[in-house]
Amino acid sequence: RVQLVESGGGSVQAGGSLRLSCAASGYGDSNACMGWFRQAPGKEREGVAAIYTGDTSTNYADSVKGRFTISLNNAKNTMYLQMNSLKPEDTAVYYCAAHGEPCGISWYLSAAFGRWGQGTQVTVSS
């Protein structure tokens with residue numbers, strides 16, 4: 001059974017940094033598309049970044065390009081999101097998600113992901 005567990009959220013001032021982690025279990029040796037999504041109050045869940053464990057190719061939302069970096073550990077069972085130059089508009093609950101196919105052009109669609117973590121709050125104050 002696939003499980004995803006996030007950690008690393010918190011509160012930071014604008015311009016600061018945070019690193020989120022997502023520990024995955026249950027995929028064995030299979031490859032997966034792993035992604036980060038976020039949802040702010042009153043807004044739809046949006047794709048932030050995704051990485052395919054097969055070739056470590058990455059995708060980013062335009063709003064975070066150049067500020068956020070998605071990566072995997074060597075064992076490819078933990079995903080990270082390094083968030084730099086944080087802005088108040090980055091405030092949201094951040095979720096990690098996964099599915100067993102290459103990420104593809106629809107990497108940002110939450111409906112494509114069947115496994116989700118519990119979410120972690122990120123709050124950026126101005």
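No experiment lies behind these values; they were computed from the predicted model shown.
With a 4.5 Å cut-off between side-chain heavy atoms of Ile, Leu, Val, Met, Phe, Trp and Tyr, the cluster of Trp107 takes in Tyr108, Leu109.
Once rounded to the nearest 0.5 Å, the distance linking OH of Tyr94 with OG1 of Thr120 reads 10.5 Å. Atom CG of Asn73 sits about 11.0 Å away from atom CE of Met79, to the nearest 0.5 Å. Gln118 contributes atom CD, which lies 7.0 Å from atom SG of Cys96 (distance to the nearest 0.5 angstrom). In this structure, the separation between CZ on Phe113 and CE on Met34 is 9.5 Å, given to the nearest 0.5 Å. Between the CG atom in Leu20 and the CD atom in Glu6 there is a gap of 8.0 Å [rounded to 0.5 Å].
No more than 12 heavy-atom neighbours from other residues, nucleotides or ligands sit within 6.0 angstrom of CD on Gln13.
Residues meeting the salt bridge (charged side-chain N to carboxylate O under 4.0 Å, His left out) test with Glu101, sequence neighbours left out: none. Under the rule for a side-chain contact (heavy atoms from CB on, under 4.5 Å), the partners of Val12 that lie at least two apart in sequence or sit in another chain are Leu18, Leu86, Val124. Every residue two or more places apart in sequence or in another chain was checked for a ring-ring contact (aromatic ring centres under 6.0 Å, His included) with Tyr95, and none qualifies. Checked against side chain to side chain donor-acceptor pair (under 3.5 Å), Ser17 has the following partners two or more places apart in sequence or in another chain: Asn84. With sequence neighbours excluded, the residues satisfying side-chain contact (heavy atoms from CB on, under 4.5 Å) with Thr56 are Ile51, Leu72, Lys76. Taking Arg67 as the reference, Asp90 meet the salt bridge (charged side-chain N to carboxylate O under 4.0 Å, His left out) condition, with sequence neighbours excluded. Under the rule for a salt bridge (charged side-chain N to carboxylate O under 4.0 Å, His left out), the partners of Asp62 that lie at least two apart in sequence or sit in another chain are Lys65. Partners of Trp116 by ring-ring contact (aromatic ring centres under 6.0 Å, His included), not counting sequence neighbours, listed by chain and number: Phe37.
For residues 42-60, the set of pairs meeting the salt bridge (charged side-chain N to carboxylate O under 4.0 Å, His left out) definition, not counting sequence neighbours, comprises Arg38-Glu46. Applying the ring-ring contact (aromatic ring centres under 6.0 Å, His included) test to pairs two or more places apart or on separate chains, none has a residue in residues 50-79. Counting only residues at least two apart or in different chains, disulfide (SG to SG under 2.5 Å) contacts with residues 32-70 comprise Cys33-Cys103.
In plain terms, the two heavy atoms of Ala23 and Thr78 that are nearest each other are CA-OG1, 4.2 Å. Shortest non-hydrogen contact noted between Ser106 and Ala112 is O-CB, 4.4 Å. Listed here is the closest heavy atom pair of Ala40 and Ala92: N-CB, 3.8 Å. Contact record, Ala24 with Leu4: CB-CD2, 3.6 Å, taken as the closest heavy-atom pair.
Between Trp36 and Cys22, some side-chain heavy-atom pair lies under the 4.5 Å cut-off.
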